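Small disclaimer: the values here were computed from a predicted structure and weren't measured. First listed ligand is number 1; within each ligand, the first listed atom is number 1.
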Amino acid sequence: MSDPVGWVVVHPAATVKATPLMLRLLPEQEVTPPCPAPPAGGRRRHRRVAGGAVEPRQLLASLPDAVRKLDPRVMVRNPVMFVVEVGSVLTTLSAVLSPSVFAWLISCWLWLTVVFANLAEAVAEGRGKAQAETLRRTRSATVARRLRSWRVGMGRDDWEEQRVPAADLRPQDFVVVEAGETVPGDGEVVEGVAAVDESAVTGESAPVIREAGGDRSGVTGGTTVLSDRIVVRITSRPGHTFLDRMIALVEGTTRQKTPNELALNILLACLTVIFILAVVSLQPMAGWAGAEQSITVLVALLVTLIPTTIGALLSAIGIAGMDRLVQRNVIALSGRAVEAAGDVNTLLLDKTGTITLGNRRADSFVPVKGVPRELLADAAQLASLSDGTPEGRSIVELSRRQGVHRDEADFAHGRFVPFSAQTRMSGADFAHDGEFCRIRKGAASAVIHWVVRRGGEVPADARWIADSIAAGGGTPLLVALEDQGGTRILGAVHLKDVVKPGIAERFAELRAMGIRTVMVTGDNPLTAKAVAAEAGVDDYLAEATPERKLARIREEQAGGNLVAMTGDGTNDAPALAQADVGVAMNTGTSAAKEAGNMVDLDSNPTKLIEIVEAGKRLLITRGALTTFSICNDVAKYFAIVPAMFGGAAGYEGLGHLNVMGLHSPSSAIASAIVFNALVIVALIPLALRGVRYAPSSAHDLLRRNLGIYGLGGLVAPFLGIKAIDLLIQYVPGM
Ligand SMILES: Nc1ncnc2c1ncn2[C@@H]1O[C@H](COP(=O)(O)OP(=O)(O)OP(=O)(O)O)[C@@H](O)[C@H]1O
Ligand SMILES: [K+]
Ligand SMILES: [Mg+2]
């Protein structure tokens with residue numbers, strides 16, 4: 001056995017095995033960046049029709065669904081429209097009992113009002129249905145190759161393979177997937193590396209690399225393996241896969257009202273109750289004046305006064321908000337997160353895999369003075385033989401290229417020390433001539449601490465080497481050896497990663513939106529500083545363990561900030577769960593994807609720009625249409641009450657207020673009801689498309705909205721009702 005440096009152990013009975021796959025070299029593998037340069041306008045998905053315009057065909061197609069929603073058990077969830085439905089029943093009964101053109105006209109239009117409201121929701125939901133269909137087909141029966149009693153590092157012949165339907169897979173099952181096969185469920189690659197076509201889920205046709213050990217280990221059921229062979233540990237329960245959740249989401253079946261929406265609903269319900277009381281108490285007064293009103297007139301008056309416009313459109317606005325994100329390839333798992341996104345002012349991002357491509361690879365070995373490069377390469381390789389992380393594999397690869405060849409036979413009676421984000425080190429302990437040897441590699445501060453604690457010394461140039469690698473934006477891993485000769489640092493491995501292209505410009509855009517960006521990384525402060533400068537973030541936090549990432553978010557939140565976090569690693573999961581908006585990269589680990597409340601299928605860290613815009617658009621649209629609705633109803637009161645009571649004895653004064661010169665009391669009331677119904681249909685496109693958001697101060701936005709939607713809401717009824725009245729007066733009996 002070749003032993004260039006004289007300390008290596010050769011023992012036959014290996015307790016730590018490196019599998020052929022783990023050791024397999026990945027010679028200069030072309031890795032498709034998970035995030036190509038994010039183009040300014042965002043990409044269009046082939047799978048999606050661009051949102052926005054509502055075609056009349058869509059309205060017609062959703063009509064049956066709208067009628068189905070008339071079921072009172074469904075309607076009762078929307079108090080305002082439920083009152084209208086009850087009113088429709090009352091006026092219909094009254095029209096049956098004492099028929100008149102007026103009574104039938106009113107009851108028909110009241111029913112139409114309810115149907116139009118349902119139509120808004122049905123159209124919003126209908127847009128997701130086609131997409132859900134495509135996803136369902138993707139999910140269709142796949143046969144899984146399940147491995148029985150399998151462990152990482154087993155030889156290929158040591159397990160039994162069974163073919164089972166994908167639907168039978170349970171968490172913790174292991175399955176093997178080879179080139180050309182469909183991944184049967186969501187999970188984590190535990191062995192191997194493969195190119196995966198995720199277009200079925202993401203709509204993006206460029207293949208992506210999925211590999212064991214690192215932060216790119218997550219795979220999604222329904223995607224296709226294009227090359228090689230991977231072993232996947234299943235993480236999802238049957239019926240709860242990512243595809244299942246996506247289907248439920250685009251269909252709107254799991255959508256829950258957000259707290260904001262609930263609050264608005266309560267406000268609308270209160271307004272409705274107030275108007276019911278007002279209208280009911282009107283009757284005795286009217287009776288006293290000898291102008292007793294029919295049930296039809298009272299119901300009609302009530303419906304024009306209660307906030308039907310926003311009541312009808314509220315749910316469609318919420319669905320459309322989620323849908324807008326789906327169109328941008330973001331799967332929002334909670335509506336609350338979408339709303340929170342509209343107010344986010346701090347964005348935390350992790351570095352590796354989010355700001356950088358995450359394909360951190362060993363570039364060179366830099367030994368300290370007096371240590372031969374081969375010794376460093378040899379030690380680094382031995383410490384990495386069983387290190388399944390991309391960093392570990394790339395070290396094995398680099399040292400092989402430099403002529404160091406160890407295999408499992410060289411590594412006996414040993415214990416592999418896996419990498420963890422807490423220790424920021426990995427390595428191996430093994431026996432050598434009856435004596436113990438340890439090798440560690442890892443973050444400079446962690447390795448130096450380890451060496452000092454074990455009584456070793458740190459050569460002066462070790463720190464210097466680490467710092468100069470870090471200052472250039474690289475990640476230094478110091479390698480230390482402990483044997484008979486003591487504990488000492490041999491040198492450093494220079495890991496290189498690349499900042500995703502185009503990211504600095506996008507961060508500048510975030511700054512313009514008033515959002516501060518903070519990079520949080522497990523890496524050392526010098527590397528963090530260099531990468532932070534290159535990426536153009538406002539602030540950074542280095543040497544962050546999962547706990548410190550979490551603590552940083554809590555601090556920001558305690559300071560009154562609404563925080564978004566984007567990350568991909570298992571070490572990001574706690575922070576993703578704590579953030580108000582937690583966006584997991586689709587390339588990331590399943591822990592990250594479980595923890596966040598959004599998944600970005602494009603794994604583009606600057607997607608937050610679009611997420612924030614979508615959130616703001618949702619909030620602004622809801623605000624604008626609420627303003628419009630309430631102003632509208634107030635105006636209707638002044639438009640029709642004079643016309644209604646102008647004829648009553650003693651109320652002639654009111655007749656003078658009939659400034660609009662409406663034809664007759666009944667045509668005034670009918671016109672108001674028709675107008676009230678048509679406004680809903682007219683606003684469906686706006687509710688779905690959303691009110692455009694242009695970056696500006698909250699004050700400007702408010703003024704603009706009050707100007708357009710408040711004033712518009714006040715004026716529209718006068719024009720609309722007058723126009724309708726001009727037509728309706730020709731209806732006989734008006
Ligand atoms: N396989 C490994 N063996 C030993 N040390 C490693 C290994 N991988 C990473 N390290 C060291 O541990 C540090 C922390 O890693 P961690 O994954 O927590 O953060 P990171 O990936 O550098 O940054 P981020 O949190 O932005 O993803 C790294 O900066 C590196 O110095
Ligand atoms: K109304
Ligand atoms: Mg990481």
Shortest heavy-atom approach to [atom] - which of [options]:
atom: atom 4 (C) of ligand 1; options: S426, A446, P476; result: S426
atom: atom 25 (O) of ligand 1; options: K549, K351, E543; result: K549
atom: atom 19 (O) of ligand 1; options: S384, G522, P546; result: G522

Under a 4.0 Å threshold between the charged nitrogen and the carboxylate oxygen, would [Y] count as salt-bridged to [X]?
X: E397; Y: R393; result: no
X: R210; Y: E188; result: no
X: R361; Y: E391; result: no
X: K593; Y: D568; result: no
X: K496; Y: D363; result: yes
X: D429; Y: R415; result: yes

Do the side chains of F275 and L301 get nearer than 4.5 Å, heavy atoms only?
-> no

I need the contact type for [X] against ligand 1. Using non-hydrogen atoms and a strict under-4.0 Å cut-off, is it side chain, backbone, both or neither?
X: D387; value: side chain
X: M519; value: neither
X: N571; value: side chain
X: T354; value: neither
X: T389; value: side chain
X: L477; value: side chain

Closer than 4.0 Å to some heavy atom of [X] - which atoms of ligand 1 meet that?
X: V520; result: 26 (O)
X: T521; result: 22 (O), 23 (O), 24 (P), 25 (O), 26 (O)
X: G442; result: 4 (C), 5 (N)

Report whether any nitrogen, oxygen or sulfur of [X] sits less than 3.4 Å from the K ion (ligand 2) (N, O or S, backbone or side chain).
X: T304; result: yes
X: T308; result: yes
X: N632; result: no
X: P307; result: no

Counting only heavy atoms not in R463, do more than 12 fall under 6.0 Å of its CZ?
->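 At most 12 heavy atoms, drawn from other residues, nucleotides or ligands, come within 6.0 Å of this atom.
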
Apex the K ion (ligand 2) - arms O from I306 and OD1 from N676 - angle rounded to 10° |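 Angle O(I306)-the K ion (ligand 2)-OD1(N676): 160°, rounded to 10°.
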
Is there a side chain to side chain contact (heavy atoms under 4.5 Å, CB included) between L70 and E85 once you walk through the steps?
-> CA-CA 8 Å; L70 286 175; E85 187 174 40; 3.9 Å; yes

Shortest non-hydrogen separation from I465 to P367 and the atoms involved = CD1-O, 3.5 Å

Locate the shortest heavy-atom distance separating A316 from A120; write the atom from each residue and the value.
->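 Residues A316 and A120, closest heavy atoms: CB-O, 3.6 Å.
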
To the K ion (ligand 2), the closest N, O or S atom belonging to D633 is OD1

Within less than 4.0 angstrom of ligand 1, does R360 place any heavy atom?
-> yes

Can T356 be said to touch ligand 1, with heavy atoms closer than 4.0 Å?
->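 No, T356 has no heavy atom closer than 4.0 Å to ligand 1.
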
Between the side chain of N78 and the main-chain N/O of M75, is any donor-acceptor distance below 3.5 Å?
->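 Looks like no, no N/O pair under 3.5 Å.
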
